[in-house]
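The block underneath contains the structure these notes are about, expressed in structure tokens.
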Amino acid sequence: MLKLSLLNLFRRKSRTFLSLLGITIGVGTLIAMVAVVDGTYSQFNSLIAQFQGLSIMEKDSANQTLSKLDITLKDKLENVQGVRTVLPEIWLMPTSIDGKSLSLESMTSTPPFIYGVDTMEYTKMRGNGWIGELDKGKKLQPSDNKKAMIGAKVAETYDKFVGSSIKLGDKTFEVVGIMKNESSLMETIIVIPLDDARIMSALPVDKVNSYYVELENAKDDGKIKKIIEFKYGNELDASTSSDYSDQFSSVLGNFRMVVILVGLLAAIVSAIGVINTMLMNVMERKREIGTLKAGGWSSIHIIKMILIEAALIGVIGALLGLLLGLSLTYILNILFGLDSVITQELLTQSALFAIGLSLFAGLYPAYRAAKLDPVEAMTY
Amino acid sequence: MAKKSQGLIEAIEVKKDYQMEKITVNALRGVSLTINKGDFAMIVGPSGSGKTTLMHILGALDHPSSGKVYIEGKDITTTDDWELTLIRRKKVGFIFQTFNLIPTLTALENVMIPTEPLKIDENEVIKRAKNLLKIVGLEERMFHKPSELSGGQRQRVSVARSLINDPQIIMADEPTGNLDSITGLKIISLLRELNEKEEKTCVMVTHDQNLLKYATKRIYIVDGMIARIETGKYTETLSHELP
Ligand SMILES: Nc1ncnc2c1ncn2[C@@H]1O[C@H](COP(=O)(O)OP(=O)(O)OP(=O)(O)O)[C@@H](O)[C@H]1O
Ligand SMILES: [Mg+2]
């Protein structure tokens, strides 16, 4: 029966091909899009996982570079019960690296960014905060100036080693450390001493952009956030890692829904294609189906044959779709430096969905075939 | 009227109407006949006289509008589609004017196709199908596709196909209609052979007056009614008339 259905399918190659194409493209793009979204999500989560404290910004500022906080806030924060270290931060984009402007890179992936930290406080920290773990070289020391720790991607792109020099704008820095390639969002980081960053950012001496607050006990973040906001809530916002991931999840979750809806729409269109193909196949084979019935096939047998044909379209379409999805994701990763994640779950779910959809699309044609009156089928 | 039937197939006052948009076509207007075991019956008559309709009803492919049909004493007019399917599967093999083979399958696979959805040992079916192809003289062509066979050869494949479930009855609707007269005669002689050696009962529809002499029973039908039925044992031998 399987062989018969397979042969039936390939009797009308171009027609079958077209409905296969619909499913293949649907499954392929769905997989690629979801993989990109999931990849971004897991990147963000691995970043958030290493962030175990509070991020302090000026009240109602959209991000760190737009925030401006008084340097005196450092002592106030340090005096809050449960706070271990307070790291003043300055964030900015380099105007150029090694004399090359950044316009092109910034269009495709996360552009390099400068993260200025108080080196004294940084050495006191137990964790790594935003920075991540060091791979080669050593950490910035309290007395360092014109020195930098760089992300793995920056090292790769600009061909830097420990001991190389890197020119940020018109200032030259010595690379003392290279970070582990943990999260693509942080692999373009360039960490320099706070004062060097201040000069580039043109912030006044008594201002920084933000603070990273390390806690004695990371589990207390919710409680300490409340205390800090109670005391200084009129000038700052404090965010825990779960604030970040909640915010990010909800944005990304919505985006994922949109992607899946688009995929579903594509699926419905391709299901209509399958229905059309199968109906035409049935109508064309009226006489044949009538002969099978005359030869003792029951309606159930006919239904089975047509449904197997439909399922085969689904199976082949799904397999091709998986291939397309995998290659599309691979190409996107290379072209745009993404770290898309294709889960086993995504693959099996989209394949099963395509097969189920095809089977569903085969129901009506199968019903029509089963209802064919053998006598009438013969007279055409 | 509900007498117990003696023949293999018995039709009593069978009528068949086709309801068209405005008019009703009375394709059969009260046909009664008996087909006995071992008969080689031919249904003859002008085009549109109801031959095909009658054959379909006798072969459990179609319900009459009224009247009774018995196959081996079983009333098939009150049965549902499922039971008709079972009767066709076990008792009747059909042969069509247009062969109706599946173009993607080989001769052997086409012969086997009626058994495909049934749970029968495949090797057993292959053995049977090969034997049938041998009987119809096509053992050398069993792996050919229909497109690689001549019209006569295709019709032999469909004769073999009609026999795969070992039915008692063969129903053939103008099996020679698409063949030249010599090839047609070969098919008739094949059916005669099956009738005589394998004891198959044949009911065949034909236009061709020349074929009538090969029948043991001739049913003349005009305008949906039986004009006359001739029964006569077939006496001449067929073989010397064939080229
Ligand atoms: N499905 C149908 N719907 C309506 N009318 C039909 C149908 N089938 C047959 N008829 C009509 O019933 C009558 C008998 O048809 P049938 O096919 O039995 O004739 P026939 O003797 O086999 O003719 P032919 O020798 O041309 O094959 C014809 O008038 C035909 O038009
Ligand atoms: Mg006819």
Side-chain angles (χ1 to χ4, degrees), chain A residues 1-17 277-278 280-313 316 362 366-380, chain B residues 16 18 27 52-57 59-64 80-106 109-120 122 145-146 158 160-167 171-174:
Chain A
M1 189 82 109
L2 197 68
K3 185 191 171 196
L4 178 64
S5 297
L6 198 64
L7 287 172
N8 281 336
L9 222 50
F10 287 99
R11 265 153 87 167
R12 287 277 178 263
K13 290 194 187 61
S14 54
R15 191 192 295 159
T16 303
F17 175 75
T277 299
M278 300 299 303
M280 281 168 89
N281 284 349
V282 166
M283 290 310 141
E284 241 172 40
R285 275 151 53 200
K286 264 187 175 176
R287 187 182 288 272
E288 218 169 81
I289 292 167
T291 308
L292 291 175
K293 283 191 153 183
W297 281 43
S298 67
S299 298
I300 303 286
H301 296 145
I302 304 283
I303 288 176
K304 215 167 127 188
M305 174 174 74
I306 305 293
L307 284 185
I308 291 178
E309 284 177 40
L312 277 174
I313 292 186
I316 299 171
Y367 165 77
R368 289 287 298 268
K371 245 188 49 178
L372 276 182
D373 179 2
V375 176
E376 220 171 302
M378 275 337 145
T379 46
Y380 286 100
Chain B
K16 181 73 180 179
Y18 288 109
T52 298
T53 306
L54 177 60
M55 193 201 83
H56 285 160
I57 290 173
L61 200 59
D62 203 359
H63 287 289
D80 58 18
D81 283 348
W82 168 243
E83 275 181 278
L84 283 190
T85 301
L86 286 183
I87 290 167
R88 290 199 297 269
R89 189 182 299 162
K90 288 184 190 146
K91 298 197 191 318
V92 191
F94 283 93
I95 300 167
F96 303 98
Q97 181 176 351
T98 47
F99 324 137
N100 300 359
L101 301 176
I102 296 180
T104 46
L105 299 182
T106 63
E109 289 164 337
N110 263 295
V111 174
M112 291 163 63
I113 198 74
T115 67
E116 176 70 29
L118 311 178
K119 290 178 181 68
I120 309 176
E122 198 183 356
K145 298 266 171 69
S158 81
R161 178 183 61 191
S162 74
L163 295 169
I164 190 68
N165 280 326
D166 198 23
M171 297 267 167
D173 192 357
E174 307 203 30

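Labels below follow one simple rule: chain letters A, B, ... track the order of the sequence lines, proteins then strands, and each chain is numbered from 1. Note that this is a predicted model, so its numbers are computed, not measured.
Residues A/His301 and B/Leu118 form a side-chain contact, since some pair of their non-hydrogen atoms from C-beta on lies under 4.5 Å apart. Side-chain contact between A/Arg11 and B/Ile102: present, with at least one pair of heavy atoms (C-beta onward) separated by less than 4.5 Å.
Residue A/Leu7 touches chain B through both its backbone and its side chain, counting heavy-atom pairs closer than 4.5 Å. With a 4.5 angstrom heavy-atom cutoff, B/Glu109 touches chain A only via side-chain atoms. At a 4.5 Å heavy-atom cutoff, B/Thr52 makes no contact with chain A through either its backbone or its side chain. With a 4.5 angstrom heavy-atom cutoff, B/Asn165 touches chain A only via side-chain atoms. In this structure, the portion of B/Leu101 lying under 4.5 Å from any heavy atom of chain A is its backbone and not its side chain.
Other residues, nucleotides and ligands place more than 12 heavy atoms under 6.0 Å from the OH atom of B/Tyr18.
Here A/Thr291 contributes atom OG1 and B/Arg161 contributes atom CZ; the two are 5.5 Å apart, rounded to the nearest 0.5 Å. A/Glu288 CD to B/Asn100 CG: the interatomic distance, rounded to the nearest 0.5 Å, is 8.5 Å. In this structure, CZ in B/Arg88 is found 8.0 Å from NZ in A/Lys293, a value given to the nearest 0.5 Å.
When all heavy atoms of A/Trp297 and B/Ile113 are compared, the pair lying nearest together is NE1-O, 3.0 Å. Residues B/Phe94 and A/Ala294 approach most closely at CD1-O, 3.5 Å, considering heavy atoms.
Under the 3.5 Å distance criterion, the side-chain polar atoms of B/Arg89 are left unmatched by any main-chain donor or acceptor of A/Gly295.
By number of non-hydrogen pairs under 4.5 angstrom with chain A, the leading residue of B/Gly59, B/Pro103, B/Ser162 is B/Pro103. Heavy-atom pairs under 4.5 Å with chain A peak, among B/Thr98, B/Ile87, B/Thr53, B/Thr115, at B/Thr98.
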